[in-house]
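Taking it in order: structure first as structure tokens, then the write-up.
Here is the naming used below: chain letters follow the sequence lines, and residue numbers restart at 1 for every chain. Note that the structure is a prediction, hence the values are computed from the model and not measured.
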Amino acid sequence: MSAPSLDAVIVGAGVVGAACAYYATRAGLSVAVVDRGPVAGGTTGAGEGNLLVSDKEPGPELELALLSTRLWRELAAALPPEDAVEYEPKGGLVLAPDETALTALRAFAAGQCAAGVEAREVDEHELAHLEPELTKGLAGGFHYPQDAQVQPARAAAALLRAARSRGALVRLGEEVTAVLTGPHGAVRGVRTPRGELHAPAVVNATGTWGGRLAALAGTRLPVLPRRGFVLVTEPLPPGLIRHKVYAADYIADVASDSAALQSSAVVEGTPAGPVLIGATRERVGFDRTLSTEALRRLAGQATALFPRLADVHAIRTYCGFRPYLPDHLPAIGPDPRVPGLHHACGHEGAGIGLAPATGLLVTAALTGDEPPVGAWPFRPERFDSRGPADDFSDPFDRPDGPPPSPGART
Amino acid sequence: MTPPVDLAVVGAGPAGLAAAVRAAGLGLSVALLDAGERPGGQFHRYPAPGLRAARPEALHHGWRHFARRLRQLETGGVTYLPRHHVWTVARGDGCWLLHAVVGPDETPATVRARAVLLATGAYERQLPFPGWTLPGVVGAGGAQAMLKSGLVLPGRRVVVAGSGPLLLAVAASLAAAGARVPAVVEAADYRAYGRSLPAVLRTPAKLAEGARYGGGLLRRSTRLLTRHAVTAAHGTARVEAVTVTRLDDHWRPVPGTGRRVPCDALAVGHGLVPQLDLAVGLGCATRRTADDTHALVVDADQATTVPGIWAAGESCGIGGADLALTEGEIAADAVARTLHDVPADPRRHAALTRRRTRLRAFADAMAAAHRPGPGWADWLDDATEVCRCEEVTAGRVREAVAGYGAHDTRTVKLLTRAGMGWCQGRMCGQAVARLAGGEGAAAVESRPLSCPVPLRPLAQLPPEAEEFRA
């Protein structure tokens, strides 16, 4: 089958690939989106839909998050209502259990505010007003009105549908088996079991599996899986939990390099009623075995914040694998080692939030336009400059099993 | 900490009860955990003692053997733990940890065991149709259970419909208890049994059972309609009538053949689905069955593919109580041999194995004959609710498939919430898979929590070491 001439093949139909397709087609580019599974079949479908600025320290990721926050607001207004992406600008509430934590949180928030984040200290009295079910006796906290939420699978499906309506070719259930290169090593498309798709650019939006696509293209990107469990409760009355609520130590966990289990529960309600409690972080390769220790910690922390949850049933738990790069920043942009190869992966737990800004950056690189934010910190080849002592083969990364079959997880 | 028991059996239905009693008789320390109030599972349901049923055995066959095992359960050294709902089986330090919530207060309990036998049984397969959510529409197995445990009839004039050998038994029980059963509506064709004639003929007791049910029903002027289905239930406050339609070979309704049958209840079911949540959570391999469900892969000793985990009964493939008993006994012998070097009795072993082979062949023949045809989805209109928990209609599922590129149950679930509710897709999984375009079986669902668990017992789990790694 000879496809019409394409400007780019985007590999990956998660939220990042869908956002790349959305902005690329909006810029008039002709793209194909290829994924071995369904839309949102990987980490996107296991995500909570956090659009957070509150957990990010000043720096390039925060800049990307602030841009994305604006873009999500625009998208929520632009996408047709039947897409029902459940965008909720609900705001975040970061809690300090004691004075020490509160002092640290103040310093952290002050830095964020200088970088453009809206954050406001709230005392115990106001906490009770913002979250009536919250436990008493906390030292205080900060309210982050820019934090928001979206239903990640619906968001990815909606972005992809919009891209398709602008002519994007969407090929799901079709695995890329080779990245085609020309005589000078430049990318010229991909091969799948159904044939070849030719384009002068290939975008690696394969998330946690980004290292594999890089390898197919003959280069290296040290993306590692970082597992997270989420607990989902039975549906509860609306308004019981109103914000994204979490304790301040979550921020330390996000930035941690440890492989061991870390957990600080982010607790939030959803429009459909269930409360989400997530998520743990640990590096155990692609192991889906239930960790009762992860559940113990999530349940313990959530009930410590909201005592009323103790009698509420968890009806489901699931895990996902965050695509994690050693410096906790994504890889976004052209790969100078393989002309025509672009990366858009490695967003760890922030992929839903950072997807639109990533899509814009990738589109700018494809069209040659000025990028909306500086892309230098995200350059994919940055890990090559380190010494040989930095071997990115993950000692905890177990050999991968077969790719997760669609429907094999809740 | 007390030492682990040799064997923890999950499920006190025919398979689990037989295995627990047998293993204890062979000298093993055994814990039998069951979610129910009383042993017997779904098969041996019987009225609570307070109901003073004069003859609880009237609705059962095999009651005598069941009663013997109940006596052995009381005297034979099995630690019987009723009202224990095991929500996961985890790997502990040199043993298995069975985490359960207990009783109406849902207090936490953990049983440690060297070996585990999963006898978790099955639940009824439901295929939706317009009107299936009306009061008065009950599961065929559910109607049987109501009758056995509560001596309650779902209605006075009950249509029995769906597919599978259970329907005749249900209709016979309902009729015997005084209901009028105007029709048994079976979607498959009993002539399909002929394709596996040897397996069927080797099981004369099963044939006699079927003939007895069938004969009894005919005497009570019940119409037996094969290759027909209830394609709609009608009524406002509750079901008042059903539409019965002829089906073609693929279970597509034949236009113009529908007719209304008045009734005040409908008992409907399409066979049974093995209950695999604990086993899938442990990583046990599954196989696809002839009637488009999944069952556990077990070897000649009833061992699953995970060392230390055995399985018996319906979770290894729907086959009925006699097969479950046989598998339970085989598994108990194998566990005793593995843990305590209890030598096998060769004659007993050969007899049990022969019996299992014969019953399994019969069960496979039944499964093949009653496999749902792909055309059943044609009787769903867009307004038909497919997922009852989350109130998701067939139209919304079809939209997710056509408009948003969902081609499997997981993606449909993510986009529509079908299967995200209290039952976690046990009711709607098959229907969603079909609407998502799949022929036949849905992928094996993974449900790491096999039942809802309050957060308190989760928070009270014993902590693992700080530097733990799963």
Side-chain angles (χ1 to χ4, degrees), chain A residues 13 37-41 45 83 151-154 157-158 160-161 164 170 172-173 227 231-235 259-261 272 274 277 282 284 287-304 309-319 396 405-410, chain B residues 87-91 97 99 106 280-283 389-390 399-400 403-417 419-425 429 433 436 438 442-449 451-470:
Chain A
V39 60
D83 283 347
Q151 207 276 28
R154 292 209 63 97
L160 200 60
R161 189 163 97 133
R164 198 200 303 245
V170 178
L172 303 176
R227 183 172 75 175
L231 260 180
V232 185
T233 73
E234 61 190 298
L261 176 73
I277 304 164
E282 64 189 315
V284 291
D287 181 358
R288 291 195 173 275
T289 312
L290 177 67
S291 160
T292 49
E293 176 65 9
L295 301 191
R296 184 186 74 82
R297 296 199 196 180
L298 290 174
Q301 289 163 357
T303 53
L309 291 179
D311 295 316
V312 166
H313 291 84
I315 61 170
R316 177 168 73 248
T317 182
Y318 59 85
C319 71
F396 306 107
S405 62
R409 91 202 78 145
T410 34
Chain B
W87 56 268
T88 194
V89 180
R91 282 163 213 271
L97 303 172
H99 295 296
E106 299 176 296
V280 169
L282 282 161
C389 302
E390 294 288 330
E399 181 202 359
Y404 294 90
H407 298 295
D408 60 281
T409 44
R410 176 173 183 262
T411 313
V412 169
K413 172 166 75 177
L414 287 172
L415 297 181
T416 66
R417 302 194 56 75
M420 278 201 189
W422 192 262
C423 89
Q424 288 293 292
V444 184
E445 283 272 346
S446 157
R447 299 185 186 96
L449 302 179
C451 67
V453 189
L455 296 189
R456 190 194 314 276
L458 289 181
Q460 289 170 352
L461 283 167
E464 286 179 23
E466 213 35 46
E467 284 297 310
F468 107 105
R469 196 159 296 131

Okay, A/Thr292 and chain B: the region with an atom under 4.5 Å from a heavy atom over there is both
Considering only heavy atoms, which portion of A/Pro274 lies under 4.5 Å from any heavy atom of chain B: side chain, backbone, both, or neither? side chain
Classify the ring geometry of B/His99 against B/Trp87: parallel below 30°, tilted from 30° to 60°, perpendicular beyond 60°. parallel
Cut-off 4.5 Å, heavy atoms of chain B, and the answer for A/Arg161 is side chain
Between B/Arg417 and A/Ala272 (side chain of the first, backbone of the second, donor and acceptor by atom type, cut-off under 3.5 Å), is there such a pair? no
Relative to chain B, which segment of A/Leu160 carries a heavy atom at a distance below 4.5 Å: side chain, backbone, both, or neither? neither
Salt-bridged, A/Asp311 to B/Arg456, with N to O below 4.0 Å? yes
Among A/Val312, A/Thr233, A/Leu295, which residue forms the greatest number of heavy-atom pairs with chain B at distances under 4.5 Å? A/Val312
Just give me the residue among A/Leu172, A/Ile315, A/Val232, A/Leu309 that pairs up with chain B most often, heavy atom to heavy atom, under 4.5 Å. A/Ile315
Short side-chain to backbone donor-acceptor contact, B/Thr411 and B/His407, under 3.5 Å: no
Whether the side chain of A/Arg227 engages the backbone of A/Cys319 through a donor-acceptor N/O pair (distance < 3.5 Å, no angle test) should be reported. no
